[in-house]
Number of protein chains: 2
Amino acid sequence: MEIPQKEDILKRFPQFEQSLLDDILAHSTIREVEEGEEVMRTGQYIRSTVLLLSGLLKVYREDDEGNEFLMYYLEPGNACAMSMMCTARDEQSQIMAKAVTEAEVILIPSHLSEQWLAKYKSWHNFVIASYRQRFEELLQTLDSIAFKGLDERLLFYLKRHVKVSGKEIRLSHQQIALELNSSREVISRLLKKLEQTGAITLHRNYIEVHDLELV
Amino acid sequence: MEIPQKEDILKRFPQFEQSLLDDILAHSTIREVEEGEEVMRTGQYIRSTVLLLSGLLKVYREDDEGNEFLMYYLEPGNACAMSMMCTARDEQSQIMAKAVTEAEVILIPSHLSEQWLAKYKSWHNFVIASYRQRFEELLQTLDSIAFKGLDERLLFYLKRHVKVSGKEIRLSHQQIALELNSSREVISRLLKKLEQTGAITLHRNYIEVHDLELV
DNA sequence: GGACTTCAGTGACTAGTATCACAGAACCAA
DNA sequence: TTGGTTCTGTGATACTAGTCACTGAAGTCC
């Protein structure tokens with residue numbers, strides 16, 4: 001794989017200072033992951049902080065019976081907050097992360113990302129901001145599960161999906177059901193209802209979104 | 001109110017270094033809050049980091065319709081992770097925190113808790129550890145809402161309550177229903193079932209817990 | 001084109017939870 | 001003791017979501 005240039009990283013992380021960029025280039029490794037590949041598994045030990053350079057990752061929770069639900073998506077320029085937190089104590093991951101599209105991630109050895117907190121102000125700020133952002137997104141997810149019916153959760157899910165990957169949602173009903181921890185038939189029915197309002201059009205394996213706001 | 005002594009703080013936060021303790025004593029204020037008082041409200045601006053010295057706080061989420069659910073409890077020696085995160089950018093709180101019993105909190109001005117991250121290793125570790133711990137508890141709560149039936153959630157709730165405040169749970173069914181975002185009748189029925197297994201005994205306004213593990 | 005596979009749509013049924021209505025028990029205050 | 005208030009228990013009913021069974025439509029491979 002070609003080695004990414006400083007400019008590539010700078011483009012995604014414009015807030016980093018020069019010397020930090022140099023440090024990143026010098027000491028971290030880049031990994032290219034394929035679509036569908038698991039970047040992080042529940043129970044796995046974490047030895048690096050994960051930054052996303054390109055592509056899209058989904059971060060989700062999985063229980064012992066194989067149920068799952070989506071926590072949030074990570075876009076280029078984001079970091080996996082869990083990887084930062086675990087980092088500090090060499091702990092196990094509590095979550096799953098999977099590449100939705102093919103993606104490039106930067107892996108920073110734990111001890112360095114730890115050192116950099118003190119060394120680089122911009123890194124420190126980035127870490128704190130990441131924590132906060134993920135915490136907030138998690139709270140939103142929690143809200144929608146705790147307070148909303150499945151119809152609203154589906155809407156929320158679709159909106160989020162549109163935001164990260166556009167108005168053509170290339171997912172089967174089955175996949176959506178999985179991420180919402182529901183079942184295909186129920187999702188099918190709800191989508192059908194949404195189609196009747198004119199907000200979306202259903203096709204095989206993809207959903208065309210027109211306008212979700214006016215539902 | 002009497003000014004708490006270094007020893008009092010040290011007892012709750014034994015991991016702090018001497019000079020940090022001095023800084024805390026010199027620059028933070030202590031507030032005594034009554035039972036039922038709200039320490040933090042959704043939408044409120046946060047200008048201090050909150051440490052809990054004594055008593056018990058519950059941290060919960062509230063939506064626009066007045067529904068709520070419990071996120072976790074804070075015990076002496078804990079910090080409110082949200083207050084730390086908001087701190088960094090002078091942001092609004094996303095959560096509610098209320099005193100379950102009367103309590104003493106230490107309020108550290110945001111700019112100081114920010115500075116101390118770089119200045120004191122022990123403070124930095126404490127903050128990171130707090131983030132992580134709260135994140136994990138939040139994930140547990142999320143799991144139980146997403147994957148479990150109300151019966152298991154109730155069990156989880158009771159166990160957690162026992163852990164922080166003992167085997168006499170002084171709550172009405174109504175209050176429990178509120179924290180689980182359910183309704184009184186349903187909670188009554190589930191508790192009744194639990195009583196029949198011998199795990200608890202029901203009284204007016206309190207529940208006597210015998211053994212929740214064998215249910 | 002025909003066989004096969006995957007995906008989507010739909011009716012019938014079930015389980016879990018919420019809501020409504022009411023009754024009785026415990027506690028409190030005059 | 002009496003009346004008021006809060007808390008608890010319980011039946012009836014409704015609604016949401018999950019499950020089962022089946023059908024047809026779309027795409028794939030030969």
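Note on naming: letters A, B, ... go to the chains in the order of the sequence lines (proteins, then strands), and numbering restarts at 1 for each one. All values below were derived from every heavy atom in this structure, side-chain atoms included, with hydrogens, water molecules and symmetry-related copies excluded.
Note on D143(A) versus R61(B): salt bridge recorded, some NZ/NE/NH1/NH2 to OD/OE distance being below 4.0 Å. Contact check on R132(A) versus E136(A) returns a salt bridge, with a Lys/Arg side-chain nitrogen under 4.0 Å from an Asp/Glu carboxylate oxygen. With salt bridges taken as basic N to acidic carboxylate O contacts below 4.0 Å, none links E62(B) and K98(B).
For R189(B), taking side-chain heavy atoms from C-beta onward, the closest of the listed nucleotides dA8(C), dG11(D), dA26(C) is dG11(D).
Look at CZ on F147(A): it is 13 Å from P on dA18(C), rounded to the nearest Å. Rounded to a whole Å, the CG atom of N205(A) is 17 Å from the P atom of dA25(D). The distance from atom NZ of K148(B) to atom P of dT17(C) is 13 Å, rounded to the nearest whole Å. When rounded to the nearest whole Å, the span between CD1 of I207(B) and P of dC7(D) equals 13 Å. Between the CD atom of E185(A) and the P atom of dT23(D) there is a distance of 16 Å, rounded to whole Å. Atom pair L154(A):CG and dA17(D):P shows a separation of 11 Å (rounding to whole Å applied). Between L150(A) atom CG and dG16(C) atom P there is a gap of 18 Å when expressed in whole angstrom units. Rounded to an integer number of Å, the gap from CD1 of I187(A) to P of dG18(D) is 8 Å.
For the pair S188(B) and dC7(D), the criterion of a side-chain N or O lying under 4.0 Å from OP1 or OP2 is not met. Considering only side-chain N and O atoms, H203(A) lies nowhere under 4.0 angstrom from the phosphate OP1 or OP2 of dA8(C).
For R184(A) against dG18(D), no side-chain N or O and base N or O form a donor-acceptor pair under 3.5 Å.
Annotation: of the two residues near DNA chain D, L190(A) and R204(A), the 5′-most nearest-nucleotide partner is L190(A).
Side-chain polar atoms of R134(B) and N78(B) form a donor-acceptor pair below 3.5 angstrom.
Considering all non-hydrogen atoms of both residues, H124(B) and L117(B) come closest at CB-O, 3.4 Å.
Within the nucleic acid shown, S183(A) comes within 4.0 Å of at least one base atom, counting heavy atoms only. At a threshold of 4.0 angstrom between heavy atoms, the contacts of L202(B) are confined to the sugar-phosphate backbone, with no base atom among them.
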